[in-house]
Amino acid sequence: MLKPTWCTRAVVEGLFAHYHPSKLHVIAPAEGCEALEGMIASAGWAVGQVQTHHEEVFFTAPGTSKAELSEKIDLRNSLYSPGWFYQQLLKLGAWDGIDGLTEDYLVWDADLLPIETWPVIDDDGSHAYAMLQHNSKGNPDIVSRWERWIREVLKVEPLTDDEATFVPHHMWFNQANLVALMARIGDYYNSQEPWPVLMMRSANDFGTFSEYWLYASWSASYTAAVPTYYPYKQYGSTTERFFDDGAGPFTSAMRESLGSHTISSPSYQQIMTFIDSAYASESRPSSIAFEQSPRHIKKSKDNMHLEEVRSKWHAATVQ
């Protein structure tokens, strides 16, 4: 998380309401961690145990501070910032910076609100996630670069699905699989440098990488088992995705519906009250991704994801 935003409280409370995690770890800049801790304490958020971690010094190997890793990125004409690449490393390397983390851990993007949720532990005890992004949209150039990264660096075939991409904004990670993955990256570069350094080098070499897709592809090959996931039609077909920085169509309609234009950090219960009203005559979404980067309102319609195009709250489609 870069910093607490208008939707942070609702997302965190939603995770606890649906999944009751034993502990929620939040990685953010020091200023964001302090702000979050203060908000939770002062506003009485309905959450369990939350532990924050300063992202600036999350990794401890030489040359792996956020500043040092960011300096290694040559953005050229990239759509992304150094921080965008760094936050992917935090997901892949949570095991490397959090003492006592469980062998399997669930990563959840800070802007993904659970609504009509899916079980994250299946009936047979398997860790499961939901496919939330259709593969018919998106930037084909970026996708082809992700594929090339997986094939060349990991020497495995990219894992694919008939309908969806393996970029579901949440995913289970296994520490043993990740350690083996990092060793493979070291082999590719024939280097003993820390894996975060090599990941940033790969971003320069390939222009980008996808933490979720590369891990899913590696894990399926390394364990010889396709990960457990719910097909797109089960939960992805109703999810929505759109840019909202707290002043978008969704938040404006929510404040109007709740009769308060001063709500800056709505609770999960408040957002759900609005959603119940806004979707009274239609199916509620399984989840909503409240994108925080303005680049999502600059995309052409051809490069928008299906979940953006069909959303009733996307700024480009609201009448």
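Scope of the values below: all heavy atoms of this structure, side chains included, with no hydrogens, waters or symmetry mates. We're numbering straight along the sequence, starting at 1.
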Tell me, yes or no, whether the heavy-atom count around E68 atom CD, taken from other residues, nucleotides or ligands under 6.0 Å, exceeds 12. yes

With a 4.0 Å cut-off on N to O distance, would you call R201 and E193 a salt bridge? yes

Of all heavy-atom pairs between E282 and K312, which one has the smallest distance, and what is that distance? OE2-NZ, 2.7 Å

Would you find a donor on one side and an acceptor on the other, under 3.5 Å apart, between the side chain of D104 and the backbone of Q175? no

Answer yes or no: are there more than 12 heavy-atom neighbours, outside K233 itself, under 6.0 Å from its atom NZ? no

Determine the minimum heavy-atom distance between P114 and W108, stating which atoms define it. CB-CZ2, 3.9 Å

Any side-chain heavy-atom pair of K23 and L101 under 4.5 Å: no

Answer whether the closest heavy-atom distance between the side chains of R241 and E291 falls below 4.5 Å. yes

E307 vs R310, side chain to side chain contact (heavy atoms under 4.5 Å, CB included): CA-CA, chis, key distance, verdict: CA-CA 6 Å; E307 299 73 36; R310 68 157 176 254; 3.7 Å; yes

Give a yes or no on this: more than 12 heavy atoms of other residues, nucleotides or ligands lie within 6.0 Å of atom CD of E152. yes

Is there a side-chain contact between T238 and Y279 in this structure, where contact means two heavy atoms from C-beta onward sitting under 4.5 Å apart? no

Aromatic plane relationship, F206 with Y188 - under 30° parallel, 30 to 60° tilted, over 60° perpendicular: tilted

Angle between ring planes, F290 versus W6, binned at 30° and 60°: parallel, tilted or perpendicular? perpendicular

Of the non-hydrogen atoms in S252 and A247, which two are nearest, and what is the gap between them? OG-O, 3.9 Å

Measure the shortest side-chain to side-chain distance between S257 and T273 over non-hydrogen atoms and say whether it is less than 4.5 angstrom. no

Only one of E55, Q87, E71 passes side chain to side chain contact (heavy atoms under 4.5 Å, CB included) with K66; say which it is. E55

Please examine the side chains of P158 and R151, heavy atoms only from C-beta on, and report whether any two atoms are closer than 4.5 Å. yes

In the structure I gave you, are the side-chain heavy atoms of Y19 and P119 within less than 4.5 Å of one another anywhere? no

For L92, does its backbone N or O pair with a side-chain atom of W95 as donor and acceptor, under 3.5 Å? yes

Cationic N near anionic O, under 4.0 Å, R145 to D141: yes

Check ion pair R284-D276 (N to O, under 4.0 angstrom): yes

To check you understand the geometry: which heavy-atom pair defines the closest contact between H170 and L106, and what is its length? CD2-CD1, 4.4 Å

Please tell me if the side chains of D111 and V11 come closer than 4.5 Å, counting only heavy atoms from C-beta onward. no

Under a 4.0 Å threshold between the charged nitrogen and the carboxylate oxygen, would E34 count as salt-bridged to K3? no

Under the side chain to side chain contact (heavy atoms under 4.5 Å, CB included) rule, what do L132 and S286 come out as? Steps first, then yes or no, please. CA-CA 9 Å; L132 300 178; S286 64; 4.2 Å; yes

Single-linkage hydrophobic cluster W213~V107, side-chain heavy atoms < 4.5 angstrom: yes

Which word best sums up how the rings of W172 and H127 line up, parallel for under 30°, tilted for 30 to 60°, or perpendicular for over 60°? tilted

Side-chain heavy-atom pair M199, L214 within 4.5 angstrom cut-off: yes

How far apart are the closest heavy atoms of M171 and A216, and which atoms are they? CE-CB, 4.1 Å

What is the minimum heavy-atom distance between C33 and H54, and which atoms define it? SG-CD2, 3.7 Å

Same apolar cluster: W118 and I121, side chain cutoff 4.5 Å: yes

Atom CG of D123: over 12 foreign heavy atoms under 6.0 Å: no

Residues V309, H314; criterion side chain to side chain contact (heavy atoms under 4.5 Å, CB included); working and verdict: CA-CA 7 Å; V309 173; H314 196 290; over 6 Å; no

W313 vs F274 aromatic rings, parallel, tilted or perpendicular, using cut-offs 30° and 60°? tilted

Please report the C-alpha distance between Y86 and S81 in whole Å, then the side-chain angles of each, then the deciding distance to 0.1 Å, and finally whether the side chain to side chain contact (heavy atoms under 4.5 Å, CB included) criterion is met. CA-CA 9 Å; Y86 185 68; S81 67; over 6 Å; no

Residue E103 excluded, over 12 heavy atoms near CD under 6.0 Å: yes

Let me know which of W218, F85, W84, Y215 forms a ring pair (Phe, Tyr, Trp, His ring centres under 6.0 Å) with F209. F85

